[in-house]
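Each residue takes its place number in the sequence, starting with 1. Scope of the values below: all heavy atoms of this structure, side chains included, with no hydrogens, waters or symmetry mates.
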Amino acid sequence: MRSALMLAGVAAALVGLASLVVAGAAEATQGRVARQQIDNRAALISAAAASQLNRYVDALTLVTGGLAAAEPLTAGAFQRITAPLRYLGLSGVPAVAFVVPARDDQIAATQALWRSRGSTGLRLAPNRRVGEHLFAVMNQTVDGSNPPRIGRDSTLAPAAATAMRQARASGRITVSDPFPLLRDNLLPPGRRQLSFALAAPVQSGEYRSFQGWVVISLRGQDFISATMQRFSQDLVDVTLLVPVADRPLVTVASLRASDTTRRDLHRALDLAVAQAHWTIQIDAVAARLPGVRSAVPVTAGIVGGLTALLAVVLITGRARADQRVRSATSELVRGAAHLHTELDARYAAEALLRTAHDDLASQRTRLTQVLDALEVAVSTCDTTGSITHLNRAARDCLGAEASLSTITELSTRLSLNALDGRALPESELPLRRSLDGEVIDGLEVTTAGPESHRRVLQVHSRPLYDQNGGLVGAVASSHDITALREHQAELTAFAGVVAHDLKGPLTAVAGFTHLAVTALAAGAPRDTASAHLRQVLDAAHRMDRLIDELLRYAAARDAQLELADVDLHALVTQTVADRLTEHAAHLDAPVPHVFIGPLPQIRADATMMRQLLDNLIGNGLKYTRPGQAAELDITAETSRTGELRLMIADRGIGIPPDQHGAIFATFYRADRGDHYAGTGLGLSICQRIAQRHGGVITAADNPGGGTRITVTLPAALLDQAAPPQ
């Protein structure tokens with residue numbers, strides 16, 4: 001019996017030792033799972049923060065490219081280009097602003113310039129303690145709050161001013177040291193938080209002329225709360241630490257778990273933001289992490305005690321069977337505990353990964369929608385030259401069937417040329433040059449094809465970097481400036497012709513005035529001086545008519561359409577009556593014959609439509625043979641497609657057949673001899689008015705002699721008009 005008891009005691013001691021071993025192994029497993037949990041959670045938090053910050057940088061890059069392409073940059077263009085930022089979900093960003101530099105002697109001119117560009121009410125408020133001021137001249141709210149006041153001097157926030165100057169020097173996006181926003185000083189102390197300024201330089205033109213900065217503010221606490229709440233899940237503390245020149249690390253924002261237990265797990269992660277490096281510190285209580293807390297050690301102790309007691313009772317005759325039971329039980333407990341913890345850790349990690357994947361997919365969808373909403377063509381590629389994205393405008397430019405995969409295919413499809421007509425090789429394409437680190441602003445190229453279909457594009461491109469500064473690809477944006485360049489060429493020619501046509505009357509005024517003065521000084525008869533002065537008056541009247549025509553031409557081109565219901569019959573009747581009254585003043589002129597047929601009511605700009613009719617009716621009455629009565633037929637008909645055709649037919653001197661199209665050009669006058677005066681703008685004004693209403697105007701011979709002018713207006717102008725009362 002004594003030997004049995006001794007054997008039982010030895011067995012009990014062995015079982016207790018085995019229980020301690022099992023409990024220790026279980027605790028070691030819990031520690032490993034806890035470390036895996038905080039490592040997984042730290043990786044997800046770091047990835048979420050980096051992804052969100054990259055979205056800010058991408059948004060700034062797109063806005064900067066759009067503003068660089070605007071010619072000129074106005075408040076309206078700024079509002080349109082920055083409006084998509086409101087839909088990107090940029091957490092912690094209250095507003096975006098455009099900031100320009102100005103020295104003390106430039107403040108008045110800077111204020112006048114940006115007021116003329118649409119920032120009405122702008123009042124610059126300089127900080128008198130600095131030499132160069134940084135004024136916000138335009139802004140756009142992003143989070144729906146009231147936008148900050150424009151005109152404020154950003155040098156009042158030294159950290160933001162330093163970031164802007166660094167961005168101008170480097171040509172890249174720069175982030176500031178943390179600082180309190182000026183607008184947040186009005187908040188209660190408990191709601192104030194440290195913020196950052198992200199500044200991007202806007203450089204335009206072939207020589208990358210600096211225009212100013214696009215600046216967004218980022219509130220640190222709002223950024224941490226919105227970005228990392230779902231990943232912390234009230235289980236870990238998240239702290240954002242930033243190095244500042246005079247202090248090693250400054251706490252900018254934090255997210256605290258509700259548990260007050262002392263943290264026993266710690267991780268510190270480096271986060272690259274533009275030129276700066278931030279630190280994200282993560283602290284947690286190991287026992288609170290999923291899959292860590294387990295009853296295995298206690299269970300092992302209980303099982304060990306029961307097994308020891310059982311050994312004392314049944315030691316004799318059943319030692320080997322009892323040993324097998326204990327061994328199997330221990331293995332089962334260890335296996336179950338290990339499987340349980342591994343499954344818990346895997347499920348938690350998979351849930352976090354799914355959340356992160358869904359967030360990334362949602363962000364990608366939103367960014368794609370914003371890019372597709374832009375009227376600027378945007379294309380991106382990776383470091384191998386493979387096209388990674390084409391927005392809607394780029395796809396439309398390339399054709400609906402476009403499915404390009406490389407820069408080479410893009411070059412082949414577009415066939416880009418330099419302005420001198422030289423075909424651009426692939427090595428000179430903006431995307432390819434930006435893959436070599438080059439920033440391109442305002443490069444003008446043309447697309448190949450017939451001259452009438454040639455388009456002029458202005459292109460901007462930049463390399464793309466990841467948060468560590470490594471090159472990951474390039475982005476290019478372009479917009480069609482063909483109409484702008486054509487308009488500039490037209491204005492140049494227009495200015496030349498205007499200068500020439502105004503110089504003639506001015507020369508006549510000067511010459512005949514000199515003759516009149518000379519005649520009076522020489523004692524010549526008064527009739528001689530009077531004749532010279534009449535020539536002066538005639539020249540002044542010609543100049544007055546030309547200036548009036550120029551004003552009408554400008555209004556027909558640029559004035560805003562004021563659509564209203566217009567009774568064409570009443571308008572034509574009144575115009576004809578006014579012209580006939582004017583014609584009656586010439587007693588020797590034959591009385592004109594004017595027929596007015598049924599005319600409909602349309603939806604149009606009444607002032608412009610009266611000007612069109614007055615010019616056409618006036619021409620029909622003026623361009624007649626001497627001594628012959630003018631004859632006019634004014635009629636209208638509706639085409640099979642519903643368009644309105646308004647026709648003014650005369651029996652006058654007509655227009656040479658080879659000039660039927662040319663007569664609508666600015667300052668063009670058909671060859672009718674010197675008997676008929678005119679400025680060459682009347683029919684050009686009529687064409688502008690017809691085009692502004694979506695129509696066309698044409699000239700043709702009138703059967704039986706004379707000219708027939710036809711103004712064709714779209715059916716929509718008839719459909720929208722209210723029926724006559």
Side-chain angles (χ1 to χ4, degrees), residues 59-88 90 93-103 106-126 132-157 160-161 164 167-168 173 181-183 197-205 209-217 370 373-376 393 441-442 458 460 477 479-481 483-484 487-488 554 557-561:
L60 267 179
T61 301
L62 289 173
V63 169
T64 302
L67 295 182
E71 290 189 358
L73 175 57
T74 62
F78 179 81
Q79 295 297 322
R80 289 194 302 274
I81 293 170
T82 57
L85 297 184
R86 296 198 299 265
Y87 311 108
L88 281 178
L90 301 179
V93 177
V96 57
F98 184 71
V99 180
V100 298
R103 297 190 304 272
Q106 298 173 327
I107 292 177
T110 301
Q111 178 172 285
L113 171 65
W114 292 103
R115 282 183 176 179
S116 69
R117 293 190 177 184
S119 290
T120 55
L122 173 66
R123 187 178 184 84
L124 301 184
E132 183 184 58
H133 307 277
L134 308 176
F135 294 113
V137 295
M138 296 182 290
N139 59 31
Q140 169 87 278
T141 183
V142 175
D143 62 359
S145 62
N146 293 327
R149 177 173 58 86
I150 58 175
R152 180 175 289 170
D153 192 346
S154 297
T155 59
L156 292 170
M164 282 186 256
R168 176 167 53 179
I173 294 174
L181 293 179
L182 297 177
R183 64 186 303 190
L198 274 76
V202 178
Q203 300 166 321
S204 63
S209 174
F210 177 75
Q211 303 297 319
W213 299 270
V214 179
V215 180
I216 63 173
S217 304
V370 170
L374 297 176
E375 295 301 324
V376 176
D441 279 311
Q458 189 174 71
H460 308 263
S477 64
H479 69 290
D480 194 332
I481 61 170
L484 175 63
H487 183 43
Q488 289 176 340
R557 177 183 178 89
D558 300 319
Q560 183 176 354
L561 286 179

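- The main-chain N or O of Val202 is never found under 3.5 Å from a side-chain atom of Gln211 such that the two would form a donor-acceptor pair.
- Using modelled atom types, one side-chain atom of Gln140 and one backbone atom of Gln79 make a donor-acceptor pair closer than 3.5 Å.
- With hydrogens and angles disregarded, no donor-acceptor distance shorter than 3.5 Å links the side chain of Asn139 to the backbone of Val96.
- Taken to the nearest 0.5 Å, the CG atom of Leu60 stands 4.5 Å off from the CD1 atom of Ile173.
- The heavy-atom pair separating Asp153 from Ala125 by the smallest distance is CB-O, 3.4 Å.
- Using cut-offs of 30° and 60° for the angle between ring planes, the Phe135 and His133 rings count as parallel.
- Here CD1 of Ile216 is found 5.0 Å from CG of Leu198. Values are rounded to the nearest 0.5 Å.
- Residues satisfying the salt bridge (charged side-chain N to carboxylate O under 4.0 Å, His left out) test with Arg103, not counting sequence neighbours, are Asp105.
- With Ser119 contributing its side chain and Val137 its backbone, the two residues share a donor-acceptor pair below 3.5 Å.
- Closest non-hydrogen pair, Gly442 versus Gln458, comes out as CA-CG, 3.7 Å.
- With rounding to the nearest 0.5 angstrom, the OG1 atom of Thr64 is 9.5 Å from the CZ atom of Phe98.
- Between the CG atom in Leu122 and the CG atom in Leu113 there is a gap of 10.0 Å [rounded to 0.5 Å].
- Residues Ser217 and Pro94 come closest through the heavy atom pair O-CD, 3.2 Å.
- In plain terms, the two heavy atoms of Met164 and Trp213 that are nearest each other are O-NE1, 2.6 Å.
- Taking CG of Leu67 as the start and CG of Leu62 as the end, the distance is 11.0 Å to the nearest 0.5 Å.
- How far CG of Leu85 is from CG of Asp143: 11.5 Å, rounded to the nearest 0.5 Å.
- Ala197 and Val215 get closest at one heavy-atom pair: CB-CG1, 4.2 Å.
- When every heavy atom of Ala167 is checked against every heavy atom of Ala199, the shortest pair comes out as CB-O, 3.7 Å.
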